[in-house]
Amino acid sequence: IWLAGGYPALSRGRPEYDGDNAVNTCLPNWIRYGSDICGDLAQAERREWWLDNGLGGYAAGTIAGTLTRRYHGLLIAPVDPPLGRRLVFAKADATLMDAERVWPLASNRWSGGAVDPRGHVHIKSFHLDGRMPVWRYAIGDIVLEQRIWMEQGANTTYVAWCLLSDTQRPLRLTMKLLVNARDHHGSSSPGSFNPVIDGDSQHLRIVYPDRFTLHLRTRDGELVSDHVWYENFDLPLERERGLPDRDAHLCVGEAYLMLRYGERVGIVASLHETAAPDLDAALRRVRTRDSGLIERVQTRVPELRNSPDWIGQLVLAADSFLVARPSQGLPQGESVIAGYPWFGDWGRDTMIALPGLCLATGCLDSARRILETFARCIDQGMLPNDFPGSGAIPEYNSVDAALWYIEAWRAYGAAGGAVEALRAVFPVLEAIIDWHVKGTRHGIGMDADDHLLRAGAPGVQLTWMDAKVGDWVVTPRSGKAVEVNALWYNALVSMADFTKLLGIEAQTFIELAERVRTGFQRFVRTDAQGLFDVLDTALGNDATLRPNQIFAVSLCHSPLDSTCQRHVVEVCARDLLTSYGLRSLTPDHADYHPHYQGGVLERDAAYHQGTVWAWLLGHFALAEFRIHGDAEAAQARLLPLRDHLLDAGLGSVSEIFDGAVPHLPRGCPSQAWSVACVLEAWWRLEQAKHMAGGERSVRGV
C-alpha cells in the first residue's frame with residue numbers, strides 16, 4: 001500500500017533476507033544508505049544509531065563505527081540505579097581474515113587526526129531494521145552482515161555477524177573486546193580501573209570487585225583474555241562542545257569466530273551471568289517485540305493504521321524513552337528518559353511527552369503507571385523537575401511541571417483512560433490548585449487582583465527556558481509568564497471537567513477559570529502583535545517575541561477569542577517558524593544567537609535565545625489547525641521532520657536546531673518531547689480528519 005507522497009504505509013510488511021531464512025516483518029526499514037554515504041567518513045559519522053534497554057541503559061555509535069562522543073559504546077548501563085549510568089562495554093573491533101589476507105572492518109579516530117583502521121570503506125550499505133542497526137560489508141565476493149541490539153529489560157547487548165555469500169574459502173572473524181567502567185559523562189586514562197579478568201574459552205568475566213561483573217560470552221568460537229590499554233581515542237563532538245575530547249579503553253580479550261554461510265555468530269555482553277549467547281533466539285525476541293509495538297498501534301489507534309512509515313519509525317522511537325522506575329510500594333512504576341544520551345527523567349519533559357509517547361501509541365497502561373509514579377512525588381503542589389541519577393532528593397524548581405501534569409491527566413482521560421485512576425488521584429490534583437492559589441516555593445502563587453500566576457526567585461530558573469550558567473540565569477522571566485498562565489487556565493477548566501465526570505461540585509473551578517480568563521486578557525497586545533511574554537516584571541511588561549504564546553492557542557482550553565488566536569499564530573509563523581520547529585527568540589532581537597555551538601557558556605547563552613526547538617512544531621501545527629481547520633495543511637508542517645529522521649540520531653528527532661539556515665541539528669540527538677509532540681500532533685490531526693462533522697477542536701475531552 002502506498003500513500004500520496006510516496007511513503008510506505010505503517011501496516012505494510014516486507015520480506016527481508018535475514019541470514020538463513022526469509023521473515024515477514026511490519027517493521028519500518030526505509031532508513032538506509034549505500035556506500036556513497038557509508039564510505040564517506042564525514043557523512044557516516046554525522047549519522048548515529050541509538051538503542052535502549054527499557055532501564056535507562058543504552059548503546060550508540062556512528063555508521064562508520066568510530067567513537068565521536070564520550071557517550072558512544074555498546075553497553076552503557078545503570079550500574080547505580082536508577083540512573084547511575086556507566087560505560088561498561090565500549091567496542092568490539094572486528095577484522096576479517098582468510099588464509100592469506102586481513103581486512104579490518106572497524107574504524108577508529110586517534111588524537112592528532114589519524115583514522116586507523118578505516119574499515120568503513122568496506123561498508124556496502126547500512127539500514128535500520130525497525131530501530132536495529134544493520135551493516136553489510138562487501139570485500140570482493142565476500143558479503144558480511146553485522147547487527148547490534150539490546151535485550152529489553154536487561155543490561156545486555158548482542159553483536160552478531162552473518163556470512164551472506166556462499167564462498168568456499170575458510171573465513172575467520174576476530175573481535176577486540178574493549179571495556180570501561182567510567183561514568184558515561186566522563187573519560188578514562190590508562191590504569192584508571194583495573195578489573196579482574198577470568199573465565200574460559202566461551203565465557204570471560206570482567207570483575208570490578210564490590211561493583212559489578214561484565215560477562216562476555218560466545219558459543220560460536222573462542223574467547224582469549226588480554227589486558228592491553230588503548231589510549232588517545234579522539235572525540236570530535238566533545239571538542240565541539242568545549243569538553244574533554246580524549247578517552248582510553250581496556251582490551252580484555254579477543255573473540256575468534258569461524259564464519260559459515262548463513263549462520264549467525266557473535267558475542268553477548270551482559271551484567272547478568274545468565275544472559276544466553278543464543279543469537280537467533282535473542283534476535284527473534286527483539287524483532288517480535290518491536291513488531292508487536294507496530295501491531296499495537298494498528299489495533300488500538302485506528303487513526304494511525306495507514307500512516308506513512310516515518311510515523312511508524314516515531315512509534316518505535318517513542319518506546320525508547322519509556323523506562324522502568326520501580327519504587328517502594330510501586331514496583332511497576334514507570335518514567336520517561338528526557339533524551340539520549342545525557343538526560344535522565346525530568347518531570348516537565350515527562351508530562352509534555354506523555355500524550356505522544358503513550359496515548360498516540362495506544363499504551364494507556366504505561367501512561368497510567370507514569371502518572372501514578374509521579375503522583376507520589378508531588379510536594380507543596382509541585383512536581384519534581386529532576387530525578388537525580390544518584391537517587392538524591394528530587395529538585396522542585398519548575399513553575400509549570402505540575403500544570404503539565406494536570407494536562408497529562410486530561411489527555412489520558414480524553415484517550416479513554418480509567419475513570420477510577422482519575423478518582424484516586426483527584427485529591428492530589430486538587431491540592432496542586434490549592435497550593436498555587438495560596439502560594440508555594442520560589443514565589444509561585446496567584447495574584448489576588450488578576451488571578452494570574454506569578455513566579456520568580458533570585459538565581460532560580462523556573463520556566464522551561466531554564467538555561468543557567470553558575471549564578472547566571474540566562475532567561476529568568478520572573479513575573480507572570482504567558483505559557484504558565486495559559487496552562488493555569490487550561491488546568492482550571494480541566495479540573496472543572498474532572499469534577500463533572502466524578503460527580504463533584506464544579507462551581508469553584510468554573511468561577512476561578514473565568515476570573516483567570518479575564519485576567520489573561522492583560523497579555524493581549526493592542527497592536528495585534530500577539531501576546532506579551534511576561535507581565536509585571538521588574539521592568540514592566542516584556543514584549544519580547546518568543547514562542548511561549550503558542551500554548552495559549554494549542555492547549556485544549558484557550559483563554560483567547562478566535563481573533564487573538566489568529567494573531568498569535570500569524571506572529572509566530574512570520575517571525576519564529578522554521579522547518580524543524582519554532583525559534584526561541586526572533587532574529588531581529590539584540591540577544592539573538594543564530595547558532596548553538598561552542599563551550600558550555602556559549603551554548604547555554606544561545607539555548608533559548610534563537611535556537612529552534614523541535615517540540616514546539618507539534619504545538620504550532622495544532623494551533624494553526626485551530627484557527628483554519630485544515631488538518632492536511634497542519635500536518636504538512638510536520639513533514640520536514642521525515643527527512644530529519646535520516647540525519648543525526650537516526651529514526652529519532654533531535655532536541656534543537658540552529659536558528660539560522662540550514663538549521664543544523666544540535667543538542668541531544670534523540671529527545672523525548674521532540675518525538676512525542678510531533679507524533680501527538682500527527683495523531684490528533686488524523687483524529688480530526690476522521691471526525692464526523694468537521695469539528696475544529698482535536699484536543700478536547
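Note that the structure is predicted; figures quoted are calculated from it, not measured. When a residue number appears, it is its place in the shown sequence, counting from 1.
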Consider only side-chain N and O atoms of D247 and S187, and report whether a donor and an acceptor are under 3.5 Å apart.
no
Has R241 got its NZ or CZ under 6.0 Å from the middle of the six-membered ring of W342, at an angle within 45 degrees of the ring axis?
yes
Using side chain to side chain contact (heavy atoms under 4.5 Å, CB included) as the criterion, point out the one residue from D349, V653, I337 that pairs with Q671.
D349
Over all atoms of both residues, closest heavy-atom pair of Q609 and D591:
CB-O, 3.5 Å
List in chain and number order the residues that pass ring pair (Phe, Tyr, Trp, His ring centres under 6.0 Å) with W149, two or more places apart in sequence or in another chain; answer none if no residue qualifies.
Y158
Hey, are E48 and H72 close enough side-chain-wise for a donor-acceptor pair under 3.5 Å?
yes
Show the numbers, then the answer: is there a side chain to side chain donor-acceptor pair (under 3.5 Å) between H663 and D658?
CA-CA 4 Å; H663 307 301; D658 281 342; over 6 Å; no
Do T578 and R583 pair up side chain to side chain, a donor and an acceptor below 3.5 Å, judged on atom types alone?
no
With a 6.0 Å cut-off on the ring centroids, do W613 and W464 count as close?
yes
Can R287 and D290 be counted as an ion pair, charged N to O under 4.0 angstrom?
no
Please find the pair of heavy atoms, one from L75 and one from A269, that lie closest to each other, and give the distance.
CD2-O, 3.9 Å
For Y596, enumerate each residue passing the ring pair (Phe, Tyr, Trp, His ring centres under 6.0 Å) test, keeping only those at least two apart in sequence or located in another chain.
Y607
Any Lys/Arg nitrogen of R289 or D319 sitting under 4.0 Å from an Asp/Glu carboxylate oxygen of the other?
yes
Taking 4.0 angstrom as the limit, do K468 and D604 come out as a salt bridge?
no
How far apart are the C-alpha atoms of C38 and I63, what are their side-chain angles, what is the distance that settles it, and do they pass the side chain to side chain contact (heavy atoms under 4.5 Å, CB included) test?
CA-CA 7 Å; C38 301; I63 286 181; 4.0 Å; yes
What residues form a ring pair (Phe, Tyr, Trp, His ring centres under 6.0 Å) with H249, not counting sequence neighbours?
F233
Is it the case that the side chains of N155 and N53 hold a donor-acceptor pair, with the cut-off being a distance below 3.5 Å and no angle test?
yes
Would you please indicate yes or no on a ring centroid separation below 6.0 angstrom for F343 and W673?
no
